[in-house]
Amino acid sequence: MTNQQLADIFRKIADLLEIKGENIYKILAYRKAADSLSNLSQDINDIWKEGKLTELDGVGKAIAEKIDELLTTGHLVFFDKLVAEVPESLAELLQVPDLGPKKVALFWKELGITRLSELEKAANEGKLRNLPGMGEKSEAKITEGIKALGRRTDRIPLGRAWPFAEELLDYLRKVSGVKEVELGGSLRRMRATVGDIDILAAAKDSSAVMDAFVKRTDVARVLGKGETKSSVEFRQGLRAQLWVHPPEHWGTALVYATGSKDHNVRLREYALKKGFSLSEHSLARADGGEITCEREEQVYQALGLPWIPPELREDRGEVQAAIKGELPKLVGLKDIKADLQMHSTWSDGKLSIRQMADAAILHGYQLIAITDHSHSLGVVGGMSPEEVLEQRKEIDEVSKELGDKIHIVQGAEVEIKSDGSLDYPDDVLAKIDFVLAALHTSLRQPRQKVTERMIHAIHNPHVDMIPHPTGRLLPDREGADLDMEAVLAAAAKAGVVMEINAHPARLDLNDVHARRAIELGIKLSINTDAHSAEDMDLMHFGVSTARRGWVEKDQVINTWSSSKVLKWLKSRG
DNA sequence: GCCGTTTTCGGCCCGACTGTTTTCAGTCG
């Protein structure tokens with residue numbers, strides 16, 4: 001069983017226990033253990049074999065025993081008994097907006113409803129409105145919620161939400177009385193996918209900005225509107241919420257709006273130890289004293305902590321690290337001096353080598369690698385071995401023209417074929433300065449096969465980097481089912497660089513695996529995989545993913561000087 | 001069910017909004 005499968009079981013247990021009416025803290029404990037498993041960079045099976053389950057955050061004796069039972073037998077008697085008591089299908093009812101465990105339990109006990117279809121039917125027949133605590137409005141809300149479930153977009157890729165959010169920010173900044181507007185939530189934390197768009201505005205009086213927000217022409221539905229918080233659903237199914245706080249509360253409000261929820265809980269727990277009750281409004285003392293914070297830094301400072309970058313705020317140990325003064329010095333966009341994966345008209349790129357080089361110079365880069373595809377990837381017009389030699393001549397010519405303005409390295413993105421062999425013979429690979437071995441096809445091979453295939457490629461002494469390791473395409477195409485722990489171990493041993501592909505549809509390695517990679521001493525490279533000049537602007541998405549993985553500057557080879565990169569390439573032969 | 005720089009027992013973040021209520025429960029983030 002994988003980390004994710006275990007996490008799903010514990011989340012399901014939490015849902016069912018909540019419907020059952022269990023102690024809320026027991027439920028939260030299961031959720032915390034599930035989150036811990038989801039955020040884990042190592043394979044749970046390895047931790048289990050080492051007998052270190054209870055070292056995981058949120059895993060104590062009882063949950064460790066359940067993990068042990070699941071990994072040993074593939075089953076959990078506790079879960080089977082629970083499902084016999086509380087129908088498993090009730091958990092899906094919790095997905096309906098505004099429907100929580102109390103009402104699900106009410107409908108189940110009073111009307112025997114266990115499925116979505118039964119709930120919809122009962123609502124349409126007006127059977128819900130007479131139950132205690134219910135009324136016509138609540139019933140209508142449920143009907144509407146079930147419909148919303150059907151059209152609700154799942155989490156959307158960062159790259160799609162980003163331009164929309166930017167436009168929304170610009171719009172709100174123009175409202176009179178608005179002092180500041182900033183992204184919050186998973187967008188500010190730069191998660192690869194986001195559930196909704198969270199925005200914080202500072203204004204003395206919230207009414208003008210709230211009105212402007214809910215009255216936008218693309219708003220399909222207003223889900224709620226109050227003095228400090230409103231939320232809407234846009235026509236495309238995307239949701240957004242806006243908080244408005246006075247400028248003098250901006251710091252605490254921004255911490256609150258940025259989250260994650262778990263980070264906030266962790267921070268508030270720590271604040272309590274320091275004698276403060278932390279909310280979006282202030283840091284309050286029990287004696288009635290209060291500290292308000294205009295800046296986020298002041299909130300952390302008041303707790304004796306350094307400011308924690310938003311990308312780290314996932315409760316993955318950042319608060320503990322901040323307490324110890326051990327936060328990483330994260331890589332930043334300004335540190336990037338090179339882009340080591342891009343395509344030209346030699347395969348599926350839109351521009352010539354010269355044009356790509358000119359664009360890179362505009363980005364201030366010292367070095368680029370032109371990494372066109374190899375021939376077996378027919379759909380993109382990959383290069384034959386003969387073309388590799390011809391392209392070399394062109395790269396030399398362009399290099400001569402541009403002098404010391406930029407270094408151009410000849411690379412190639414070489415297919416890892418379905419049997420694990422590479423698309424060029426060794427004598428061709430030997431002539432290419434920077435060899436990328438990539439998966440694009442047969443991604444659905446079984447875990448063991450695709451992992452062996454990848455490791456075989458890593459073992460080829462000519463291979464320098466693995467670009468976009470899993471091949472995922474957000475939001476639809478899952479990546480290969482790689483045993484990443486085994487892949488990273490092989491890469492660490494071979495000195496092969498792993499890429500964080502900056503394209504927002506990829507962000508691959510993901511944040512969790514990037515963090516594991518640097519723990520293993522692997523060097524990373526953050527590249528745009530540009531097929532046009534505009535694509536080079538996507539670099540910041542990759543940098544943010546690295547930051548989410550606690551990656552520091554020196555661990556990223558394209559922050560190095562060009563001479564250091566060239567020296568490294570030479571050392572690899 | 002987890003956890004300990006006040007604790008191995010007794011706590012466990014904090015507040016906004018809505019609807020059904022005349023003061024609060026449920027849901028959400």
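All chains are named by letter (A, B, ...) in the order of the sequence lines, taking the proteins before the strands, and each is independently numbered beginning at 1.
The base-pairing partner of B:dC14, taking Watson-Crick or G-U wobble contacts with both distances under 3.5 Å, is B:dG29.
Proximity of A:I142 to A:D98: side-chain heavy atoms (C-beta onward) are nowhere separated by under 4.5 Å. Residues A:M190 and A:F541 meet the side-chain proximity criterion, which asks for heavy atoms closer than 4.5 Å. At a threshold of 4.5 Å between non-hydrogen side-chain atoms, the residues A:L93 and A:I113 count as touching. Two residues are said to be in side-chain contact when any heavy atoms from C-beta on lie closer than 4.5 Å; A:D35 and A:R11 meet this criterion.
Between A:L28 and A:H281, the residue anchored nearer the 5' end of DNA chain B, judged by the nucleotide with its closest heavy atom, is A:L28. Nearer to the 5' terminus of DNA chain B, by closest-nucleotide assignment, is the contact made by A:V59 (compared with the other of A:E136 and A:V59).
Note that NZ of A:K61 is 10.0 Å distant from NZ of A:K66, once rounded to the nearest 0.5 Å.
Using atom C1' as the reference point in both B:dT7 and B:dC12, the two lie 13 Å apart (nearest Å). The same atom, C1', is picked in B:dT18 and in B:dG11; the two are 30 Å apart, to the nearest Å. A distance of about 26 Å separates the P atoms of B:dG10 and B:dG15, rounded to the whole Å. For the C1' atom pair drawn from B:dT6 and B:dG1, the interatomic distance equals 23 Å after rounding to whole Å. Rounded to whole Å, the separation between the C1' atoms of B:dC9 and B:dC14 comes to 24 Å. When the P atom is used for both B:dC13 and B:dC17, the distance is 22 Å, rounded to whole Å. Across B:dC28 and B:dT20, the matching P atoms stand 16 Å from one another, rounded to whole Å.
Panel note: side chain A:R516, backbone A:Q42; no donor-acceptor pair is recorded below 3.5 Å.
Listed nucleotides B:dG1, B:dC17, B:dC14 differ in distance to A:S277; the shortest reach to its side chain belongs to B:dC14. With B:dA16, B:dC14, B:dC13 as the candidates, the nucleotide lying closest to the side chain of A:T228 is B:dA16.
Checking A:E318, A:E311, A:E552 one by one against A:R547, the salt bridge (Lys or Arg N to Asp or Glu O under 4.0 Å) holds for a single residue, A:E311.
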Taking only distance into account, with no hydrogens and no angle test, what donor-acceptor pairs under 3.5 Å do side-chain atoms of residues 296-305 of chain A form with protein atoms, sequence neighbours excluded?
unit_1 : atom_1 : unit_2 : atom_2 : d
A:E296 : OE1    : A:R188 : NH2    : 3.1
A:E296 : OE1    : A:W307 : NE1    : 2.9
A:E296 : OE1    : A:R313 : NH2    : 3.1
A:E296 : OE2    : A:R188 : NH1    : 2.8
A:E296 : OE2    : A:R313 : NH1    : 2.8
A:E296 : OE2    : A:R313 : NH2    : 3.3
A:Q298 : OE1    : A:E294 : N      : 2.9
A:Q298 : OE1    : A:R295 : N      : 3.2
A:Y300 : OH     : A:H263 : NE2    : 3.0
A:Y300 : OH     : A:R313 : NE     : 3.2

Acceptor/donor pairs from residues 73-85 of chain A side chains to any protein atom, 3.5 angstrom cut, sequence neighbours excluded:
unit_1 : atom_1 : unit_2 : atom_2 : d
A:T73  : OG1    : A:E69  : O      : 2.8
A:T73  : OG1    : A:H75  : N      : 3.0
A:T73  : OG1    : A:H75  : O      : 3.0

Side-chain donor-acceptor pairs under 3.5 Å in residues 202-209 of chain A, sequence neighbours left out?
unit_1 : atom_1 : unit_2 : atom_2 : d
A:D205 : OD1    : A:S207 : N      : 3.1
A:D205 : OD1    : A:S207 : OG     : 3.1
A:D205 : OD2    : A:S207 : OG     : 3.2
A:S206 : OG     : A:E227 : O      : 2.6

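Atom NZ in A:K274 sits roughly 18 Å away from atom P in B:dC13 (whole-Å rounding). Put simply, CG on A:L106 is 12 Å from C1' on B:dA25, counting in whole angstrom units. Rounded to whole Å, the distance from CG on A:N130 to P on B:dT21 is 11 Å. The interatomic distance linking A:M210 (CE) with B:dC17 (P) rounds to 7 Å, in whole Å. Atom-to-atom, CD of A:E22 to P of B:dC12 comes out at 19 Å; the value is rounded to the nearest Å. Between A:I27 atom CD1 and B:dC12 atom P there is a gap of 17 Å when expressed in whole angstrom units. Protein atom NZ of A:K66 is 8 Å distant from nucleotide atom C1' of B:dG1, rounded to whole Å. As a whole-Å value, the separation of A:K141 NZ from B:dC17 P is 13 Å.
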Protein-nucleic acid N or O pairs under 3.5 Å, nucleotides 4-9 of chain B:
none

All N/O contacts under 3.5 Å from nucleotides 27-29 of chain B to the protein, with atom names and distances to one decimal?
unit_1 : atom_1 : unit_2 : atom_2 : d
B:dT27 : OP1    : A:G100 : N      : 2.7
B:dT27 : OP1    : A:G100 : O      : 3.1
B:dT27 : OP1    : A:K103 : N      : 3.1
B:dT27 : OP2    : A:K102 : N      : 3.2
B:dT27 : O5'    : A:G100 : N      : 3.4
B:dC28 : OP1    : A:D98  : N      : 2.9

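Between A:Y25 and B:dG1 there is no side-chain N or O to OP1 or OP2 distance below 4.0 Å. At the phosphate of B:dT20, OP1 or OP2 sits under 4.0 Å from a side-chain N or O atom of A:S138. Between A:H263 and B:dC13 there is no side-chain polar atom (N or O) within less than 4.0 angstrom of OP1 or OP2.
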Run the side chain to side chain contact (heavy atoms under 4.5 Å, CB included) test on A:L111 and A:L128 for me, step by step, so that the C-alpha distance in whole Å, both residues' side-chain angles and the decisive distance to 0.1 Å come before the verdict. CA-CA 9 Å; A:L111 302 172; A:L128 302 180; 3.7 Å; yes
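Remark: A:K229 does not engage A:E280 in a salt bridge, criterion side-chain N to carboxylate O under 4.0 Å. Using a 4.0 Å cut-off between a side-chain N of Lys or Arg and a carboxylate O of Asp or Glu, A:D511 and A:R316 qualify as a salt bridge.
At the heavy-atom level, A:S230 lies nowhere under 4.0 Å from the strands shown. Backbone-only engagement by A:L278 is indicated by non-hydrogen atom pairs under 4.0 Å involving sugar-phosphate atoms exclusively.
For the residue pair A:S89 and A:T114, the shortest heavy atom distance occurs at OG-O, 2.7 Å.
Sorted by residue number, the members of residues 218-226 of chain A with any non-hydrogen atom under 4.0 Å from DNA chain B read A:G224, A:K225, A:G226.
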